[in-house]
Amino acid sequence: MKPLDREFYLRDTLTVAKELLGKYLVREMDGGYLVGRITETEAYIGAIDKACHAYGGKITPRTKTLYEQGGTSYVYLVYGMYHCMNVVTEPQGEAAAVLLRSVEFVKGYEEASMLRYGKELEVLSKAQLKNFANGPGKLCKAMGITREQNNRNLCGQNFFITDCIEGINNPTFELGISPRIGIDYAQEAKDFPWRFFSI
DNA sequence: CTGCCGATTTAC
DNA sequence: TAAATCGGCAGA
């Protein structure tokens, strides 16, 4: 369970967004591990993307995290009640990130159930499993990710992404591509095919 | 300081 | 289809 190294994140944002599919988001909490396989991502590239918070070089207290070096977390609150977890990409000074939109839990489901629903789910129906963390807000709720986790180094040992979990088989999948979700205000950028998901 | 709006989710 | 809910940001 070795964190992806810095070099992984310092690359082109679209490449990182695609390659994050099938990787595992890991968060250590109270000595246990919450682990989810990433199944959906979106790229946001400040230099050319009106949907990006840092479009046009905009620097505010919130967006300054987007300018950090690749491998940093960018977490913010949307709609006054949900958090979104992003991974900053590219070298320091380039505002770009990948939004993690969906994971499938592979470890720590009991603890995650407490965080998400306030109780442990005994019976896991197919629908419950599917709906558990298949959205950016749900994902953060289930993994206890809030603005406290903003601007963290993702190359450390308690909050990171890895490509291998012992005892877990890496399934193969095909790459799906589509426009991004929920950015109808972003003019021409709303049609950019920057959403990636595993099929 | 005021007012508008959102990279969502859930319930009706 | 609409409500929930509040921080971020622009403009006065």
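Any value given below was found using the heavy atoms of this structure, including those in side chains, with hydrogens, waters and symmetry copies removed. Predicted model only: the values in this text are computed from it and were never measured. So you know, we letter chains A, B, ... as the sequences are listed, proteins then strands, and number each from 1.
A/Arg180 has its CZ atom 11 Å from the P atom of B/dT8, to the nearest Å. Taking atom NE2 of residue A/His53 and atom C1' of nucleotide C/dA10, one finds them 15 Å apart after rounding to whole Å. Distance NE2 (A/His83) to P (C/dT5): 14 Å, rounded to an integer number of Å. Atom CE of A/Met85 is separated from atom C1' of B/dT8 by 17 Å (rounded to the nearest Å). Atom pair A/Arg195:CZ and B/dT8:C1' shows a separation of 14 Å (rounding to whole Å applied). One can place CD of A/Gln187 at 12 Å from P of B/dG6, the figure rounded to the nearest angstrom. Computed from coordinates, the A/Asn131 CG to B/dT8 P distance equals 16 Å when rounded to whole Å. Atom pair A/Ile183:CD1 and B/dC5:P shows a separation of 18 Å (rounding to whole Å applied).
The side chain of A/Lys141 places no N or O atom within less than 4.0 Å of a non-bridging phosphate oxygen (OP1 or OP2) of B/dT8. Contact annotation: A/Thr60 side-chain N/O to C/dG8 OP1/OP2 distance is not under 4.0 Å.
Of the candidate nucleotides B/dG6, C/dG8, B/dT9, B/dG6 has the atom lying nearest to any side-chain atom of A/Tyr79. Comparing C/dG7, C/dC9, B/dG6 by their nearest atom to the side chain of A/Leu77 picks out C/dG7. Closest to the A/Pro61 side chain, of the nucleotides B/dT8, C/dT5, C/dC9, is C/dC9. Each of B/dT10, C/dC9, B/dA7 was ranked by its minimum atom distance to the side chain of A/Thr63; first place goes to C/dC9. Of the candidates B/dA7, C/dG7, C/dC9, the closest approach to any side-chain atom of A/Lys58 belongs to C/dC9. The side chain of A/Met81 sits closest to C/dA4 out of C/dA4, B/dT9, B/dT8.
Counting heavy atoms from C-beta outward, A/Thr89 and A/Leu10 have side chains that stay 4.5 Å or more apart. Residues A/Val26 and A/Ile165 are in side-chain contact: their nearest non-hydrogen atoms beyond the backbone lie under 4.5 Å apart. Side-chain atoms of A/Val103 and A/Arg37, non-hydrogen and from C-beta on, never get closer than 4.5 Å to each other.
For B/dA7, there is no paired nucleotide, since no Watson-Crick or G-U wobble pair has both relevant distances below 3.5 Å. Both distances falling under 3.5 Å, in either a Watson-Crick or a G-U wobble arrangement, occur for no nucleotide opposite C/dT5.
Across all strands shown, A/Thr41 has no heavy atoms under 4.0 Å from either base or sugar-phosphate atoms. A/Arg116 comes within 4.0 angstrom of sugar-phosphate atoms only, judged by non-hydrogen atoms across all strands, and of no base. Within 4.0 Å (heavy atoms only), A/Leu99 reaches at least one base atom of the nucleic acid. Contacts of A/Arg62 with the nucleic acid, taken as non-hydrogen atoms under 4.0 Å apart, involve only primed sugar atoms and P, OP1 or OP2.
The environment of A/Glu188 atom CD is dense: over 12 non-hydrogen atoms of other residues, nucleotides or ligands sit within 6.0 angstrom.
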Check your understanding: So A/Tyr109 and A/Phe132, ring pair (Phe, Tyr, Trp, His ring centres under 6.0 Å) or not? Walk me through it.
Key -> CA-CA 10 Å; A/Tyr109 191 86; A/Phe132 193 71; 4.6 Å; yes

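Side-chain N/O atoms of A/Tyr76 and base N/O atoms of B/dA7 include a donor-acceptor pair closer than 3.5 Å.
Residues A/Arg147 and A/Tyr82 both approach DNA chain C. Their nearest nucleotides, taken by heavy-atom distance, put A/Tyr82 toward the 5′ side.
In this pair, A/Tyr44 lays its aromatic ring flat on the base of B/dA7, centres within 5.5 Å and planes under 30 degrees apart.
The aromatic ring centres of A/Tyr76 and A/His53 sit less than 6.0 Å apart.
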